Amino acid sequence: MTIEHPMRKMAFVVALFVLASAACCDAAPWTHDQRQAPGTAPTLSLWPAPASYTGASTLTPLASTVAFVATGHTSDVLTKAFARYSKLLSTTIAGRAAHHDKTQQDTVTTINVNVLSANISLVFGVNESYTAERSAAGQPVVITAPTVYGALRGLETVVQLADQRDTYQTGAAAVPTTFAIADTPRFAYRGLMMDYSRHFYPVAFIKHTLDAMSYSKLNVLHMHITDDQSFPMQSERYPDLTSKGAYGPQYVYSVSDMQELGAYAQDRGIILVPEFDMPAHSSSWGAGEPDIMVTGSGCSPSLFTHGDTLDPTNNKTYEVIDGFLSEMAALFPPPFLHLGGDEVPTACWAGSSRVKDWMAAHKIADYDALESYFVNRVASGKGVQASGRTLMYWEEIFNNGVNLPPSAIIQAWKTNAMPGVIKKGHRVTNSYKWYLNHGCNNYGDGVWKDFYVNDPLKFVPGTTPEEQRLVMGGETTMWGECVDSVIFDAVVWPRAAAAAEQLWSPQHMTQSASSAVARRLAGHRCRLVARGVDAAPIDDSGDPRTLNPGCQ
């Protein structure tokens, strides 16, 4: 990526043609029976809610031509963001043309974006804060951010501000005449997991999901790439893993596919976390490398089903794993590498006389100790060490007493493992009570309200502020047993957006899934639908007259 001269001013002008006019800003409030006065601001449907907002009660429409201007450092990332958000703004204005009042003198003609740093490195914990304001009538909207990734979050907010929605009627594309927003995320890790092994998602759909994530300020895509069912990742070093382990040649992610996705994600400020689950959930490895699998009476009788494991007693196992992981580390952007570690079927090891004999010869007393041996030998491999990756694991690795390096991160999911993890000094990310499905139960851990109030810190009571800082955030997980690209959006959204606000907005704002929050989420759901995300309606039991009509 190239960076232009640090302080070059760049205008990205988008002609936004406003068609027939009507009374300005006749936007409906949050009830069907009462309407606000023309030209006044509706209850904001910004999502996630910014940390601080003040604004006038009057609205100012967008002009027919709006210029996006880089007044600070510019970059390819910012230029592409201008193109994306100008397209969204154009669609908004065209859709609201019937409500535009051409006679109004004050219009928004310019959005200035001042990025204070030329550094476009996407590192975990990058500063995503921003301010956005319009100080007076006749003035431009101004977004200021320490980094380009903060600017991306500010652009999302400002474009949402011009696209206020409810489920009955839309008003003109307008912003409050004056407003001031100061915003920063509560947690640095705000994720969604996709399962690419059980159902194959086309690259175009993964890009679609990255876009959808950016609309709710999510910044981590956890890619669960391999599992028992298939091995869809191309390996140039071990081609049989893919040629024999994938569903077929059309169901493979190539090296170029992942490079393309990495660049696409960076442009949206999203970090990719590749996961290659081991030693269990690995039956598909055995199709291409049968010598590295355990066989025995307790193992799965056939490939591509749960019950097999990689062989922790075989030197070749570690050679293949380290070679493959070093290949993947060179492909995926830093800093994380997830190595799974969940649901090890120790009955497979118990049914293998060779494994038991090896354990006795090496004085390994039990299967937890054997798992610990495997995990640490993989982590100490030359390729893994040279990659400098921060390793992540599912919580079983911690629960089973595996001796982990201090830098290892644990992902909680099945129990409240978080207090023990942070007491040991490890960082942790939460997926407990944030499962979007359980197998073929696509209800998972509940409706949007359940996801909204699932504050990760409620699972670590009685801890110190220093210990709480080890809680990185969390992610919702979408397993692929009975979900593919056809129904993915409706299962994931808007519940993942509910979790996104819990992870972004200040803690005091997200303690209750109130009727006001429900109305705001209903508006955001309609915004997602307008942007091409097939989000499901939200649970309407508390306010059916407001939330039932559908999106207009």
Side-chain angles (χ1 to χ4, degrees), residues 1-14 46 48 50-51 66-89 110-134 140-162 180-191 207 210-221 259-273 332-336 473 500 503-504 531:
M1 248 172 227
T2 59
I3 301 176
E4 299 179 24
H5 190 275
M7 299 300 293
R8 179 184 173 193
K9 183 179 287 188
M10 176 188 63
F12 191 102
V13 181
V14 185
L46 296 178
V66 175
F68 284 75
V69 180
T71 60
H73 294 280
T74 190
S75 63
D76 288 346
V77 174
L78 188 61
T79 301
K80 292 174 186 176
F82 283 176
R84 293 195 305 276
Y85 282 106
S86 63
K87 183 177 180 180
L88 290 174
L89 208 55
T110 307
I111 298 173
N112 290 339
V113 180
N114 182 17
V115 177
L116 303 179
S117 171
N119 188 349
I120 63 169
S121 298
L122 181 58
V123 297
F124 179 70
V126 68
N127 193 330
E128 297 177 272
S129 67
Y130 66 92
T131 61
E133 66 174 354
R134 189 173 192 248
V141 171
V142 177
I143 298 170
T144 303
T147 72
V148 69
Y149 302 107
L152 298 186
R153 309 309 175 215
L155 283 165
E156 176 62 37
T157 295
V158 168
V159 172
Q160 284 191 17
L161 195 63
I181 296 171
D183 203 10
T184 192
R186 181 181 174 209
F187 290 104
Y189 190 109
R190 307 179 308 279
K207 290 181 177 180
L210 289 165
D211 286 332
M213 291 172 64
S214 72
Y215 302 152
S216 296
K217 298 185 172 71
L218 292 171
N219 71 334
V220 175
L221 178 62
Q259 290 170 333
E260 184 178 340
L261 286 171
Y264 197 89
Q266 179 175 355
D267 285 342
R268 286 146 186 82
I270 296 174
I271 291 172
L272 302 183
V273 178
F332 286 89
F336 301 120
L503 291 165
W504 178 278
R531 293 182 180 186

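Computed from heavy atoms alone, side chains included, the values below leave out hydrogens, waters and symmetry copies. Since the structure is predicted, the reported quantities are computational estimates derived from the model, not experimental observations.
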[X] to [Y] - nearest heavy-atom pair and separation:
X      : Y      : answer
Ala145 : Ser129 : CB-O, 3.6 Å
Ala70  : Phe82  : N-CE1, 3.9 Å
Tyr130 : Gly150 : CB-O, 3.5 Å
Asn114 : Gly72  : OD1-CA, 3.4 Å
Arg153 : Trp504 : CG-CH2, 3.8 Å
Ala188 : Gly125 : CB-CA, 4.3 Å

Inset, instruction - Assess whether side chain to side chain contact (heavy atoms under 4.5 Å, CB included) is satisfied between Lys217 and Glu128, documenting all intermediate values. - result: CA-CA 10 Å; Lys217 298 185 172 71; Glu128 297 177 272; over 6 Å; no
Short question: side chain of [X], backbone of [Y] - any donor-acceptor pair under 3.5 Å?
X      : Y      : value
Tyr149 : Ile120 : yes
Asn219 : Arg190 : yes
Thr147 : Asn127 : yes
Asp183 : Ala51  : yes
Gln160 : Pro48  : no

So how far is it from [X] [atom1] to [Y] [atom2], rounded to the nearest 0.5 Å?
X      : Y      : atom1 : atom2 : value
Gln266 : Asp76  : CD    : CG    : 10.0 Å
Ile271 : Leu218 : CD1   : CG    : 12.5 Å
Ser75  : Asp267 : OG    : CG    : 9.0 Å
Leu152 : Arg268 : CG    : CZ    : 9.0 Å
Leu261 : Ile270 : CG    : CD1   : 11.0 Å
Thr79  : Arg84  : OG1   : CZ    : 10.5 Å

Inset, instruction - Please tell me if the side chains of Tyr85 and Val158 come closer than 4.5 Å, counting only heavy atoms from C-beta onward. - result: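 No - every pair of side-chain heavy atoms lies 4.5 Å or more apart.
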Inset, instruction - Side-chain contact test, heavy atoms from C-beta onward, threshold under 4.5 Å: evaluate it for Pro334 versus Val123 and give yes or no. - result: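 No, too far: nothing below the 4.5 Å cut-off.
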Legend entry - Test side chain to side chain contact (heavy atoms under 4.5 Å, CB included) applied to Leu46 and Leu161, step by step: CA-CA 7 Å; Leu46 296 178; Leu161 195 63; 4.1 Å; yes
Inset, instruction - Among residues two or more places apart or on two chains, list those pairs meeting salt bridge (Lys or Arg N to Asp or Glu O under 4.0 Å) that have a residue in residues 111-121. - result: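 Not a single pair qualifies under salt bridge (Lys or Arg N to Asp or Glu O under 4.0 Å).
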Inset, instruction - Please lay out, stage by stage, how Leu503 and Tyr189 fare under the test side chain to side chain contact (heavy atoms under 4.5 Å, CB included). - result: CA-CA 8 Å; Leu503 291 165; Tyr189 190 109; over 6 Å; no
Legend entry - side-chain contact (heavy atoms from CB on, under 4.5 Å) partners for Ser216, two or more places apart: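 With sequence neighbours excluded, Ser216 shows a side-chain contact (heavy atoms from CB on, under 4.5 Å) to Trp47, Trp493, Ala497, Ala500, His524, given in chain and number order.
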Legend entry - Sole candidate of Val69, Val142, Ile143 that passes side-chain contact (heavy atoms from CB on, under 4.5 Å) when paired with Ile111: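 When side-chain contact (heavy atoms from CB on, under 4.5 Å) is applied between Ile111 and each of Val69, Val142, Ile143, only Ile143 qualifies.
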Inset, instruction - Using the test ring-ring contact (aromatic ring centres under 6.0 Å, His included), find all partners of Phe336 that sit at least two apart in sequence or belong to another chain. - result: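 Applying ring-ring contact (aromatic ring centres under 6.0 Å, His included) to Phe336 gives Phe124.
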